Structure formats: C-alpha cells, structure tokens
Amino acid sequence: MRRILETLVPAAPLILLFVVWESAARLGWAPPNLLPAPSLVLQRLLELLPDGEFLHHLGQTLIRLLGGFAIALVVGVSLGLLASRTGGGALITVVRVLAPIPKIALYPAFVLIFGYDHASKIALVVADTLFPILLATFHGARAVEPKLLWSAWAAGSGRFASLFTVTLPATLPAILTGCRVALLIACVTVFLAEMISSTDGLGHLLSLAARSFRMVDMFVPLLLISLIGLLLNVALQFARKHLLRGQS
Amino acid sequence: MEKRAMIEIQRLGKSFRIAGGKRHVALEGIDLNIREGEFVSILGPSGCGKSTLLYMLGGFVPPSSGSIQVQGRPVTGPGPDRGPVFQEFALFPWKTVLGNVMYGLRQQGVGKREARERAMALLHKVNLASYADFYPKELSGGMRQRVAIARTLAYDPATLLMDEPFGALDAHTRTVLQNELLQIWERDRKTVMFVTHGVDEAVFLSDRVVVMTRSPGRIRTVVDIDLPRPRVRAELLVDRRYQEYVVELERLIEDVHHERDAEPAPAPVAKTTLKVATR
C-alpha cells in the first residue's frame, strides 16, 4: 500500500496535466483540430510503435542523442578534470567564452562540414551538452576535500594517478548531476536539429506532420521524446544509486 | 651511539595572505628535532598553527621560510615515508574498508592478491576484519578512525603524522583508541608527531610534549615526559608524576591563553585557506 502511494504521489501532477489536457480537448475549450486529446495521441503512438519505419526514425534519434551525449561525457569529464588542476584556469576562460554561444546557430556550419547525416546532428548535441558536463566536473573537482588527495599522495599515488583514483570518484556526484542536465538538453537539441534539416528522426516526423496538418501525428513525436527523457532520467537515477552506493 | 634526528626543523615559518591583502603569520621560528622512534605531541590552543606545522612536515603545504629535513633529505612534497591521519578520517567514501586499506599498496605496485592479504592481516590487528566489505559511512567514528590508521599503517611509513586524530570521537572511544595506538606504537616504534589540544592525552602518549603559543605560533617550551612504558592508564592516573605533568602543562596552556587575551584579537584563520601543495 505504502509502495503504491510512493509511486503515485510523484505521478499525481502528470495525471492532473493529462486530465486537464484531455478535458480541454473533449469539452471544446481548445479547437480539436489544433489540440488533439492526449488519449488519441497515446493511441496513435501505440499503433505506430510496432511499425518498422517508425522504429527506424526512433532509432535514428536515439543514436544521435546517445552518441552525442557519450562523446560529450568523455570529453567533458576529461577536460573538466584537467582544468581543475594547476594551470587549468586558461581552459576555463575559453569555456566561459564559448558556453553562452547559442549552439543551434552553429548548426548550418555543422551541416556544411559534416553533411546531412548523423555527424552534423551528433556534433550539435556534443556542442550543447559538453559545457554543462565540463563545468559540473570542473567545479566538482575543485571542491574535492584536499585531505583526500593528501592521503592519496602520501600513500604513494602520483599526481596524474590520483586524478583517476581520487578526483574522479570524488567528483562523480557532481558529474552525474551535470549528466542529468545534459541529457535533457540532448533531447531538446537532437529534436531541433532533426526539425531543421533531416530526412529521418522524430523531429523530422513532427515537421512532416505539421506541414500536412496531421495534428495527432504531430504530437506523437513530442510525446515520445518526453517519454525518452523520462526513461533516460530513470536510467540515470538507477546508475547513480549503484555508482554512489558508498557516498551520500 | 646517539640516533640521528629523524626530523630536523629549522627556523620554520609560515605566513599567508588574508582578506584585505594583509599577511598573517601563522608560525614563526620553529626549531625542533625529533628522534627516530620518538613520540612527540604538539600541544596548543586552536589557531596556534600546530596543524599547519604537521601539514608542512607532510609536504602538503609549502613553508614560507626555514627548512624541514626528514632522514637528512629536505621535504619537497608528500611521500610514503610520512603517513598522515586526520581528525576527519579522510577515508575514500567510494571504497570499502578493505579497498581503503589496500589503496596505498596498490598505488605502490603491490599485486592485488598480496595487497588484499596484507590489508586483511592489518584489519585483523585492528579488529575490523569482519567489516572489510563495509563502506566507511556504515561505520561509527571510532571504527572509521581505526580504518584510517590501518590505511596509513598499510604502506608502513617510518613517521606517523597525526592531526588531532581522536578529536572527533566521544570520550570512551578516544580512550580505547589511545590505548590501541600505544600498543601499535610500542610494537612498531614508529616516529610519531601527534597534534592535540588534550593535555592528558599528550602526557599519556608522549615522550615529549611541545607547547605552542598563538599568533604567531611559536614553541613556548618542550616538556620531557619521563614516565615508564608500557603505560597503563589506570596506573598512570594515580601516578604522582603523571599528575604533576598534567598540572604543569595545564598551567602552561593557561598562560598561553592569558598572553593571547592580552593582545588584540587576531583574525581567525580558516584551515581551508591554506594553499594545497602541488607536486
């Protein structure tokens, strides 16, 4: 009983949103040809899911999203750790200059450089997710208790080795928080890139449906990307629980 | 033949910039020699720079002036010949008890199996073998400090640098750990530098007690503790000489406090403002 309640309470606002949206569509508060009922969208999504072509689009989006995130994770954590050590300040100055640039403005350039396929979209996801991960790593690494490092150095760990044996694990909580933000940004970015120029992916499906005024079909990719975001967050929480079992 | 000094500290000073650009002199003109196998306590009020002195010996914080030599070599950074034990334990929270104790051995290239065996042997010695797979957060303060001591003993440093190691523990646990430390020391006879503000702790454990003054931190006096070993707390407590040492040191500490009050109050210096040593 208690377990059911514990899962229901966080879901309550979602259910409320669903109910409001559903009634808005059903009671004619919003024109049904502009705002389809969520039950219709959900039904359409379930119809499409076994469809091979739809799954292909979903797969393309997931490859770009996860590929870009993975690259940003490796590069961001490495650079963030290096920047946290003496002499790394210069790197952070560069980051402070580059981070506020709207990365979507770079997308036309990415398309010209990397072409219309995966690479340009992955590049955009990397550009957008790199900085939150890098900065979270940098600030987390800076806050590592010096006595942990002293203990490691006294035990015979070298300066470079301690970066991996102490700084990295001690920074993990901050890195995972950065990942949480980055995954959300990745969902938004990959979708935008596919809407702007693509021949496949969920963003492309939305653009296609919008152009031919198929409103239910237009909401299907939106619903799906939000579900993907939700599932990725759950997966991250699961990873966090496992990785930080000794901490916090 | 007299043993040569294990640690030679000459004209050592430490000052650092505080808010407003002024320099705060934390330590000044420290001269101290510590013999091999000697147990020396540094006793003083908080803010007298006694922890800073220990950090400089560890090579974690660079001195501003003067020199420190350990076994005839100047200290340029941390090394496995000087093992620290901190008040806050500073255990690696992501590693198990066993993983923490194995750490130094693994870093020094000892194979996994051998490191595990040696770490387990050490954990048996400190009565923590059954907690090998626990994480530090699952242990009590006293157990955590035992793990921290075992982690340091694992790589067999010639000198132990202990920074108020029992300061965060309750009175009973502190007594237990003091006894355990004495047993370990009486067996291994490592050189120990023990920073504390507990007078009876200093007398109970030490061969010599160094009394520090505050602002700037200087050595006020050094008291030889001429009590027989092995020391047993219950016997010492009724020992006339033990009581005299405690009273003498209490008076010295009291004087230091009064001297401090006579001067304008110095700015408190947070330990964390110290620049971390880099190698």
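For clarity, every value in this text was computed on a predicted model and none was experimentally measured.
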Handout entry: B:Phe92 atom CZ: more than 12 heavy-atom contacts under 6.0 Å
Key = yes

Exercise for the section: Please report the closest heavy-atom contact between A:Leu148 and B:Leu91, naming both atoms and the distance. Expected result: CD2-O, 3.3 Å

Handout entry: Interface residues of residues 104-126 of chain B facing chain A - non-hydrogen atoms under 4.5 Å apart
Key = B:Gly104, B:Gln107, B:Gln108

Practice task
Give the C-alpha distance, both sets of side-chain angles, the deciding distance and a yes or no for side-chain contact (heavy atoms from CB on, under 4.5 Å) between B:Glu88 and A:Lys147.
Solution key: CA-CA 9 Å; B:Glu88 312 84 342; A:Lys147 280 166 193 164; 2.9 Å; yes

Handout entry: Option in B:Lys95, B:Arg151, B:Arg82, B:Glu138 with maximal non-hydrogen atom pairs under 4.5 Å from chain A
Key = B:Arg151

Exercise for the section: Identify the two heavy atoms, one from A:Ser151 and one from B:Pro84, that lie closest to each other, and give their separation to 0.1 Å. Expected result: CA-CG, 4.5 Å

Practice task
Please say whether more than 12 non-hydrogen atoms of neighbouring residues, nucleotides or ligands are located less than 6.0 Å from CZ in A:Arg180.
Solution key: no

Exercise for the section: Count the heavy atoms belonging to other residues, nucleotides or ligands that lie under 6.0 Å from CZ of B:Arg23, then report whether that count exceeds 12. Expected result: yes

Handout entry: Sole candidate of A:Leu243, A:Leu244, A:Val166 that passes side-chain contact (heavy atoms from CB on, under 4.5 Å) when paired with B:Trp94
Key = A:Val166

Practice task
Could you label the plane-to-plane angle of the B:Phe60 and A:Trp150 rings as parallel, tilted or perpendicular, counting under 30° as parallel and over 60° as perpendicular?
Solution key: parallel

Exercise for the section: Mark yes when over 12 heavy atoms from residues, nucleotides or ligands other than A:His139 sit less than 6.0 Å from its NE2; otherwise mark no. Expected result: yes

Exercise for the section: Assess whether side-chain contact (heavy atoms from CB on, under 4.5 Å) is satisfied between A:Ser157 and B:Tyr103, documenting all intermediate values. Expected result: CA-CA 9 Å; A:Ser157 177; B:Tyr103 180 83; 3.3 Å; yes

